[in-house]
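Have a look at the structure below before the remarks.
Chain identifiers are assigned alphabetically (A, B, ...) following the order of the sequence lines, protein sequences preceding nucleic acid strands; residue numbering begins at 1 within each chain. Reckoned from all heavy atoms, side chains included, excluding hydrogens, waters and symmetry mates.
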There are 2 protein chains.
Amino acid sequence: MGISDTALHQQGLTASKDAFINHWGEMGTSWGVPRSMAEIHALLFIEGRGMCTDEIMDRLQISRGNVSTTLRQLAEWGIVTRARQRGDRKDYYEAEQDVWTLLSLIVRARKRRELEPLLAALAEAKHLAPIPSRDDSKAEKQAQKDHLKRLDSMDDALKRLDRLSDRFIGRGGKGLDVAVRLLASLL
Amino acid sequence: MGISDTALHQQGLTASKDAFINHWGEMGTSWGVPRSMAEIHALLFIEGRGMCTDEIMDRLQISRGNVSTTLRQLAEWGIVTRARQRGDRKDYYEAEQDVWTLLSLIVRARKRRELEPLLAALAEAKHLAPIPSRDDSKAEKQAQKDHLKRLDSMDDALKRLDRLSDRFIGRGGKGLDVAVRLLASLL
DNA sequence: TTGAAATTTCAGAATAAATTGAAATCAAAG
DNA sequence: CTTTGATTTCAATTTATTCTGAAATTTCAA
């Protein structure tokens with residue numbers, strides 16, 4: 001007895017989904033995202049419906065603990081939403097389906113976790129930088145000046161990006177889309 | 001005998017540089033960049049002068065092999081430049097000093113290594129997706145249609161980003177700066 | 001050529017990160 | 001309550017990545 005008609009028909013669909021999931025997971029690793037997290041997200045995105053822990057575990061061959069932890073993180077970032085289904089005790093999760101909103105959420109999360117601490121670090125480095133004093137040699141004063149200039153140029157650029165992202169990524173979600181269209185039309 | 005006058009004066013400068021290097025290295029790890037690579041780059045940036053392998057090894061306490069390999073990669077990406085100094089057999093490396101050019105180079109490298117393969121993957125997934133046939137049920141046809149729509153929306157967004165980055169990051173380096181100023185002024 | 005000085009390579013060691021799985025906890029239904 | 005099903009936690013393990021260091025190679029001046 002061969003596989004069912006439905007299975008046959010779904011073959012291509014499943015193959016296509018798997019390809020997407022695998023590559024998305026692969027890319028995750030080079031962006032510092034655990035493979036399983038990227039895979040879970042890819043699965044939820046490409047299925048486009050709520051899924052429970054067990055279904056995800058089965059489909060991706062990932063442990064319960066991993067799925068639970070990962071799902072919670074994705075939900076924290078707003079990339080997936082948790083929902084209960086009537087008469088069912090399980091939690092179901094589904095992924096944001098609008099790609100620009102998705103990208104915005106990712107950028108927002110990384111900005112908070114990484115850009116902001118970096119800006120704080122730059123402030124610290126500036127604070128530690130020596131203030132030129134009367135008895136510094138000319139060469140020393142120049143070195144101190146150059147050093148501050150480097151810190152400032154980095155700080156300026158990152159602050160600018162920070163403010164920009166606040167505007168375009170803030171509330172809503174379509175801001176990124178608008179920004180990209182705007183830029184594209186301007187050149 | 002205490003430390004020299006010069007050392008005393010340089011104390012604050014060195015502390016500030018170290019702070020910058022440490023935090024930059026830290027951030028590297030969360031972006032999938034090896035700590036030592038981020039540190040080497042930070043050192044070259046903040047020193048703003050050519051440095052040879054041995055000086056980098058000593059300052060950062062990193063092995064020769066690691067420094068050699070890392071420097072080559074950074075040079076490949078165009079983020080550091082290799083230069084000979086007259087009458088000296090050693091290679092000296094210095095980092096791009098313009099922050100916007102630096103960011104452009106980083107974006108360009110990641111785009112090539114990560115965005116482009118992902119676009120290829122999406123093309124593959126589309127290729128694998130089933131073509132609706134006469135004897136598919138209505139539900140199946142709908143599922144296939146929805147699936148393609150998801151792949152397309154992801155593909156569109158990433159392609160748009162790809163094209164945008166080509167424009168703003170392409171040759172020159174100041175494109176990103178211009179783009180960011182432009183956007184900032186528009187809102 | 002030759003040899004000193006520098007760089008590169010890469011197998012193995014060290015480190016860091018992700019994943020598992022089972023026990024503990026929690027929550028809803030009876 | 002208590003029971004059952006689901007989720008969370010986390011120490012131990014596995015896996016992946018990064019780093020080292022010494023040998024091999026390259027480079028260049030003499």
Side-chain angles (χ1 to χ4, degrees), chain A residues 21-44 50-77 80-94 110 113-114, chain B residues 21-44 50-77 80-94 110 113-114:
Chain A
I21 292 166
N22 289 337
H23 288 292
W24 197 254
E26 191 53 43
M27 198 211 38
T29 64
S30 56
W31 280 89
V33 176
R35 175 186 302 272
S36 65
M37 173 179 281
E39 284 179 349
I40 289 172
H41 171 256
L43 173 61
L44 292 175
M51 295 180 81
C52 68
T53 305
D54 290 275
E55 196 179 358
I56 297 171
M57 285 171 61
D58 290 349
R59 174 72 176 270
L60 300 178
Q61 296 293 307
I62 288 175
S63 74
R64 181 176 305 282
N66 191 351
V67 172
S68 166
T69 306
T70 299
L71 243 17
R72 191 151 39 81
Q73 282 195 84
L74 290 172
E76 242 164 52
W77 299 350
V80 309
T81 317
R82 173 190 236 137
R84 277 10 237 301
Q85 277 183 11
R86 60 217 148 65
D88 194 335
R89 233 151 130 171
K90 287 196 270 295
D91 283 339
Y92 286 78
Y93 295 85
E94 52 189 310
R110 299 208 83 146
R113 283 196 306 139
E114 287 141 21
Chain B
I21 292 166
N22 290 337
H23 288 293
W24 198 254
E26 192 51 43
M27 198 213 36
T29 65
S30 55
W31 280 89
V33 176
R35 174 186 301 270
S36 65
M37 173 179 280
E39 284 180 347
I40 289 172
H41 171 256
L43 173 61
L44 293 175
M51 295 180 82
C52 67
T53 306
D54 290 275
E55 196 180 359
I56 297 171
M57 286 171 60
D58 290 349
R59 174 70 177 272
L60 300 177
Q61 297 293 310
I62 289 177
S63 75
R64 183 177 303 284
N66 190 351
V67 172
S68 166
T69 306
T70 299
L71 244 16
R72 190 151 41 80
Q73 282 195 85
L74 289 172
E76 242 164 54
W77 298 351
V80 309
T81 316
R82 171 190 238 138
R84 283 0 245 302
Q85 278 183 11
R86 61 213 147 68
D88 193 333
R89 227 149 135 176
K90 288 197 268 297
D91 283 339
Y92 286 77
Y93 295 85
E94 52 189 310
R110 299 207 84 145
R113 284 196 304 140
E114 288 140 21

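Under the side-chain hydrogen bond (donor to acceptor under 3.5 Å, both in side chains) criterion, Arg113(B) pairs with no residue, sequence neighbours left out. Residues passing the ring-ring contact (aromatic ring centres under 6.0 Å, His included) test with Trp31(B) are Trp31(A), sequence neighbours excluded. With sequence neighbours left out, the side-chain hydrogen bond (donor to acceptor under 3.5 Å, both in side chains) criterion links Glu26(B) to Arg35(B). Residues meeting the side-chain hydrogen bond (donor to acceptor under 3.5 Å, both in side chains) test with Arg64(A), sequence neighbours left out: Asp54(A). Partners of Thr53(B) according to the side-chain hydrogen bond (donor to acceptor under 3.5 Å, both in side chains) rule, which considers only residues two or more places apart in sequence or in another chain, do not exist here.
Here the straight-line distance linking atom CZ of Arg82(A) with atom CG of Leu74(A) works out to 11.5 Å at 0.5 Å rounding.
For the pair Glu26(B) CD and dA17(C) C1', the computed distance is 14 Å after rounding to whole Å. The nearest whole Å value for the distance from the CG atom in Leu71(B) to the P atom in dT9(C) is 13 Å. Atom-to-atom, CD of Gln73(A) to C1' of dT7(D) comes out at 16 Å; the value is rounded to the nearest Å. Following rounding to the nearest Å, Arg72(A) (CZ) and dC10(D) (P) show an atom-to-atom distance of 10 Å. Distance, Lys90(A) NZ to dA27(C) C1': 14 Å, rounded to whole Å.
When both pairing distances are held under 3.5 Å, dT1(C) makes a Watson-Crick or G-U pair with dA30(D).
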field: Letter per nucleotide, 5' to 3', of nucleotides 16-30 of chain D [B base touched, S only sugar-phosphate touched, - untouched; heavy atoms, 4.0 Å]
entry: --SSBB-----BB--
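Among the heavy atoms of the strands, none lies under 4.0 Å from Asp54(A).
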